[in-house]
Amino acid sequence: MFKGIPAEIAGIGIFIPEKILSNADLEKIVDTSDEWITTRTGIKERRIAPDDMATSDMMKRAADIAIERSGINPDDIQLVIGCTATPDMPFPSTACLVQHKLGLQNAAAFDLQAGCSGFLYGLTIASQFIASGAVKAVLVLGGETLSRIQNWEDRSTCVLFGDGAGAAVIAPAKEGSGILNFSISADGAFADALKVPAGGSLMPATEETVKNHMHAVHMDGRDVFRQAVTKMPEAALKALEELGMTVEDIDHFIPHQANIRIIESVGKRLGIPEEKTIVNLQKYGNTSCASLPIALCEAVESGRIKKGDTILLTAIGAGLAWGSIILKW
Ligand code: COA
């Protein structure tokens, strides 16, 4: 339950790579079809980062916009949280790389790993640093270069993911706006359902691991699907109930953009009408930690989300780790 100084998203920005990889393009790479991908996932195309860009470069571009829109002096940003499953490298943290690229001299920086829930976890942590009064402003980054960790011979995973980045500046809320509540959870019993098996201490890189695509995404899609459609509604209801709110009080529902069937099922379970649900996965696929900020930012830019609207964010990802945030724009 949120306690302390209320925190808000003071500015948000995104970076979307220009290169489009359509379902038709994928038909030429793996044994798949536009029809299968569209009906099973809702995805029509995804973006691919240029070869000379890493996750930190996309995050930096998104952060430039977020900081400018926030009107906050960069010197007041005292913490950078990098949320990504595709860091530039195992260490140093991608957050440190972005902190340097942005010249944020007064900011501490670290990465957090919560799979596709990274940005939601990051917002939660940022809000608590503001709530306690410990810092003036936090920069939360959510970015992915998932195209670099795909096995392009595995049709069950490579069609799902895309690249992109988002960034948000979190600061003390102005009257009536801000993060109202959050709920975050995890269950490592499902660790095998979604993972990159090699490249860590458990299975260091060898010629064999590279040959066997062990540095790429491995997923039990059905298991993740089953967990997603139960755990996301649970988190949303918990966050709402603690506030004494119901789904009726929500103006916009922004779920993690992984699969249209998951989104529809979660919406149905919660009783949220389709017209309140924001969906853009047909354009970008699953961009993991960039998914929520891209959907939120586009909805704000298009005027769909207006000042004072109440928004429900929810996500699930590798871990499994999941959660919900309720905020007033
Ligand atoms: N094109 C064509 N056929 C494909 C395919 C593709 N891209 N991917 C899988 N198939 C085939 C399978 O080989 C299988 O064929 P078979 O019956 O001959 O064995 C068939 O389609 C059904 O596969 P299945 O895995 O049962 O499909 P599904 O309906 O569960 O859909 C996912 C697969 C991955 C789309 C779905 O499970 C899903 O979205 N899961 C959640 C994944 C996710 O969102 N992860 C990230 C969360 S953060």
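We're numbering straight along the sequence, starting at 1. Order of listing sets the numbers, starting from 1, for every ligand and every atom in it. Bear in mind that the values here come from a model prediction, so they are computed numbers and not experimental data.
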Original post:
Counting heavy atoms only, which of Arg222, Gln257, Arg40 comes nearest to atom 22 (C) of ligand 1?
Top reply: Arg222
Would you mind listing which atoms of ligand 1 come within a distance below 4.0 Å of any non-hydrogen atom of [X]?
X: Ala258; answer: 44 (O)
X: Asn259; answer: 35 (C), 38 (C), 39 (O)
X: Ile316; answer: 48 (S)
X: Val159; answer: 7 (N)
X: Asn286; answer: 46 (C), 48 (S)
X: His256; answer: 48 (S)
X: Thr41; answer: 35 (C)
X: Cys116; answer: 48 (S)

Check whether any side-chain N or O of [X] sits under 3.5 Å from a backbone N or O of [Y] as a donor-acceptor pair, and report yes or no.
X: Thr55; Y: Thr86; result: yes
X: Asn259; Y: Arg40; result: yes
X: Thr84; Y: Gly143; result: yes

Can you find a protein heavy atom closer to [atom] than 4.0 Å?
atom: atom 3 (N) of ligand 1; value: yes
atom: atom 6 (C) of ligand 1; value: yes
atom: atom 40 (N) of ligand 1; value: yes
atom: atom 47 (C) of ligand 1; value: yes
atom: atom 44 (O) of ligand 1; value: yes
atom: atom 19 (O) of ligand 1; value: no

Between [atom1] of [X] and [atom2] of [Y], what distance do you get to the nearest 0.5 Å?
X: Asp309; Y: Ile250; atom1: CG; atom2: CD1; answer: 10.5 Å
X: Thr124; Y: Ile184; atom1: OG1; atom2: CD1; answer: 5.0 Å
X: Asp34; Y: Glu45; atom1: CG; atom2: CD; answer: 10.5 Å

Original post:
Any Lys/Arg nitrogen of Lys238 or Glu242 sitting under 4.0 Å from an Asp/Glu carboxylate oxygen of the other?
Top reply: yes
**OP:** Identify whether the distance between the nearest side-chain nitrogen and carboxylate oxygen of Asp57 and Arg61 falls below 4.0 Å.
**Re:** no
Original post:
Is it true that the side chains of Ser185 and Lys231 contain a donor and an acceptor less than 3.5 Å apart?
Top reply: no
**OP:** Answer yes or no: are there more than 12 heavy-atom neighbours, outside His215 itself, under 6.0 Å from its atom NE2?
**Re:**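 Yes, NE2 of His215 has more than 12 neighbouring heavy atoms, counting only those of other groups under 6.0 Å.
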Original post:
So with a 6.0 Å cut-off around CD of Glu274, is the heavy-atom count from everything else above 12?
Top reply: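 No.
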Return the closest protein heavy atom for [atom] as residue, atom name and distance.
atom: atom 31 (O) of ligand 1; answer: Arg261 NH2, 3.5 Å
atom: atom 33 (C) of ligand 1; answer: Trp36 CH2, 3.9 Å
atom: atom 12 (C) of ligand 1; answer: Arg155 NH2, 3.8 Å
atom: atom 1 (N) of ligand 1; answer: Thr32 OG1, 2.7 Å

Original post:
Short N/O distance, under 3.5 Å, between Ser33 and ligand 1?
Top reply: no
Original post:
Linking I/L/V/M/F/W/Y whenever their side-chain heavy atoms sit closer than 4.5 Å, directly or via other members, would Leu141 and Leu104 fall into one cluster?
Top reply: yes
